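What follows is one structure encoded as structure tokens, with my remarks underneath.
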Protein chains: 2
Amino acid sequence: MVSDAESAPVFAKPPVTLREVAAAAGVSVATASKALNGQGRMTAETRERIRETARLLGFRPNSLAQSLLRKRSFTVGLLTNDTYGRFSLPLMAGVSDALVDKGVSVFLCNVEDDQRLGQLHVEAMLDKRVDGIIATGKRIDRHLPVDLSNLRIPVVYAFTQPDPGAVGLVSDDAGGARLAVEHFLRLGRRRIAHVTGPAGFAVVHTRAEAWRGVLKENGLTTSEPLLGAWSEGWGHEAVEKLFGKAGRGGQPDAIFCGNDQIARGVIDALRERGIRVPDDVGVIGFDNWEIVAEATRPPLTSVDMNLASLGREAGLALLSLVDGQPAAPGIRKLPCRLVVRQSCGSPPG
Amino acid sequence: MVSDAESAPVFAKPPVTLREVAAAAGVSVATASKALNGQGRMTAETRERIRETARLLGFRPNSLAQSLLRKRSFTVGLLTNDTYGRFSLPLMAGVSDALVDKGVSVFLCNVEDDQRLGQLHVEAMLDKRVDGIIATGKRIDRHLPVDLSNLRIPVVYAFTQPDPGAVGLVSDDAGGARLAVEHFLRLGRRRIAHVTGPAGFAVVHTRAEAWRGVLKENGLTTSEPLLGAWSEGWGHEAVEKLFGKAGRGGQPDAIFCGNDQIARGVIDALRERGIRVPDDVGVIGFDNWEIVAEATRPPLTSVDMNLASLGREAGLALLSLVDGQPAAPGIRKLPCRLVVRQSCGSPPG
DNA sequence: CCAAATTGAGAAAACCTTTTCTCACGGGAG
DNA sequence: CTCCCGTGAGAAAAGGTTTTCTCAATTTGG
């Protein structure tokens, strides 16, 4: 039977301090500290006795005290404005994953697109003496609504526009696009269209350039990319434009889409027109948003930006900056990866 | 012109300390502290002079030192296993949102479904002296892979299975289901089917019970819910089952779906069969996953679990626990909200 | 057997802030 | 003129840990 008196104030007893360990082991705090950290000189027997005592008492050093002294909090801030998006989550997981093993914890700071909120969070992080900051967002070509340029701690930008002279990590969108188009070429497709998002996004142009580049390199005729919205609806419309005038020989046998939602719209529209995917037309998307890619019929081949890796790299980059290792400023691009499902077809052989 | 020597080691200068402020103002640290905190006694003139000095020097108190003394770190941990999911993100945003104004920062800890990782994160949080922990996940009826039952700090569970005797916050799934079914009834629908996820999920039964309950209360005949998967594919199949035998008079005029993906599959399948939505059959989904709900044709009416509010409430609950206010243990259910779009139809009038 | 070197361990300062005491000084009351 | 009290401000301890310095005791070398 558990009494109320027993269960209620269960979180009252304070943690064990080094002083208590020292007392229990019959040594000074200095000796105890050195014993546990493998520092200083003492008999192996003493060291072991202290360690055993600490273990028995469940001693865990107070990070706050350690941080105060060492001027390292083993804490970093993660700033994002991608509240509901799907980009920041894998990225955050990657960051967290890279850092937890080194004993570094991550402050999650959601700043929306709000200056005031950004300011608030940055100040809170600074006050808590974070060792560094990772800035991330939903767009590679936009700044967060905060100024991180004159902080006295290192900053790494991942999947967001870096300040000039700062360290930035982004996905290699051009490379990702090449991956898709070259895959189509290997499968024998020759008339490859590109349906993508609005002109206002930098990645729209990056990917379109790469698409066009691969076609040119292979001596194929190029056309204009179809710019629209990042939506299924636009995918439908685009199919209308591409296949509207029936019977024309110039209709594509492959469509490279700017994201998975567009691709989904494209595939649905093609099916409704009785055009078979992948037999008549192959489709490749971008983002590899699994829940969408796997629900299309057939399942969607898509370019994955490896956001978790990006997050991991960002975490590691920040850490080495914190350790005083100067990092080459500028933007580093991390490779994408093509996840092949069934929407792109199989080799002709 | 900015010289390299100037821009490179920009994060070398240490922050201003209270001691420096005191020196600059010609007082002791004690007086400086009191001046800035509005404590102690001194001439208004002295206080103002110190404040002005602090402002000029850009002094910000070191949270680490404050925490050490006050035994409050103004920091909480947020534990989740929903790495890529869409539930935890709005929830986390809500938590962060509720706490940032009170100067509390949130440690993001992604534990996947990994015991070791969970252990690691909890220990890191404890070492950093978080004031409390919020546990959240992707399923209401599953525990996180960590034992939080004997911590000496308060824990609040949000959208995950709480330990017995703990404080838990979840969405009111039964209420949400009622919202949907009653909406159908108000629109004059009478034969309302229910297509939902696998039997292994508690919410499947909760929502199904509520659905059946509303039908019974209104004297309508009830049937068995169709249990399957949380996927579009299952939505398709379910339509097959419901409308397979053509001509039967008992075919539904409304379908309440267990999530938005199922609803999406249902709507697509209905369209392919030439059944008009919402004219012939109304459809309502669950989760209000906007990116899906808005892409269905027609846009999907759906039950929103108000996850951001849930997160906010969880944050506030934890805070009052931290402040020593005893909270009633047990599970508190927060209301859902029906977001009406076009898939459910309009009133007959 | 003595001086020197080494060893084991503790004292104390430092990190930065808050808070409780203490104290000097000036003014008012008796 | 003395006593007491209120006022303004500083000294010091506390919080938990790390690290440098110091010192006594023991061992080594001559």
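As the structure is a computational prediction, the values presented were derived from the model and not from experiment.
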Check: Considering all heavy atoms of both residues, which atom of Ile134(B) and which atom of Ala158(B) are nearest to each other, and what is their separation?
Finding: CG2-CB, 4.4 Å

Next item on the list: Compare every heavy atom of Gly137(A) with every heavy atom of Leu144(A), then report the nearest pair and how far apart it is.
Entry: CD2-CA, 4.5 Å

Check: At under 4.0 Å between heavy atoms, what does Thr17(B) touch on the DNA or RNA strands: base, sugar-phosphate, or nothing?
Finding: sugar-phosphate

Notebook entry, point to check: Base, sugar-phosphate, or nothing for Thr43(A), non-hydrogen atoms under 4.0 angstrom?
Noted result: sugar-phosphate

Check: Using the C1' atoms of the five pairs at each end, what is the angle between the end axes of the helix from dC1(C)-dG30(D) to dG30(C)-dC1(D), to 10°?
Finding: 60°

Check: What integer distance in Å separates Leu36(B):CG from dC16(C):P?
Finding: 16 Å

Note to self: Measure CG/Leu64(B) against P/dT17(C) and give the value in whole Å, please.
What the structure shows: 10 Å

Notebook entry, point to check: Between Arg72(A) and Phe74(A), is NZ or CZ placed under 6.0 angstrom from the six-membered ring centre and within 45° of the ring axis?
Noted result: yes

Next item on the list: Enumerate the residues from residues 45-59 of chain A whose closest heavy atom to DNA chain C is under 4.0 Å, giving them by residue number; use none for an empty result.
Entry: Thr46(A)

Notebook entry, point to check: By a strict heavy-atom criterion of less than 4.0 Å, which residues belonging to residues 119-131 of chain B are in contact with DNA chain C?
Noted result: none

Next item on the list: Flag the pair Leu18(A) / Phe59(A) as yes when at least one side-chain heavy-atom distance between them is below 4.5 Å, and no otherwise.
Entry: yes

Notebook entry, point to check: Which parts of nucleotides 23-28 of chain C does protein reach within less than 4.0 Å, heavy atoms only, written one letter per nucleotide 5' to 3' as B for base, S for sugar-phosphate only and - for none?
Noted result: ------

Distance below 4.0 Å between [X] side-chain N/O and [N] OP1 or OP2:
{"X": "Gln66(A)", "N": "dT18(D)", "result": "yes"}
{"X": "Asn37(B)", "N": "dT18(C)", "result": "yes"}
{"X": "Lys71(B)", "N": "dA14(D)", "result": "no"}
{"X": "Arg70(A)", "N": "dC15(C)", "result": "no"}

Notebook entry, point to check: Where the side chain of Val27(B) is concerned, which of dA9(C), dG10(D), dG15(D) is the nearest nucleotide?
Noted result: dG10(D)

Grab the N/O contacts between the protein and nucleotides 11-14 of chain C below 3.5 Å, and write none if there aren't any.
none

Notebook entry, point to check: Does anything in residues 91-103 of chain A pair up under side-chain hydrogen bond (donor to acceptor under 3.5 Å, both in side chains), and if so which pairs, sequence neighbours excluded?
Noted result: Asp97(A)-Arg312(A), Asp101(A)-Arg116(B)

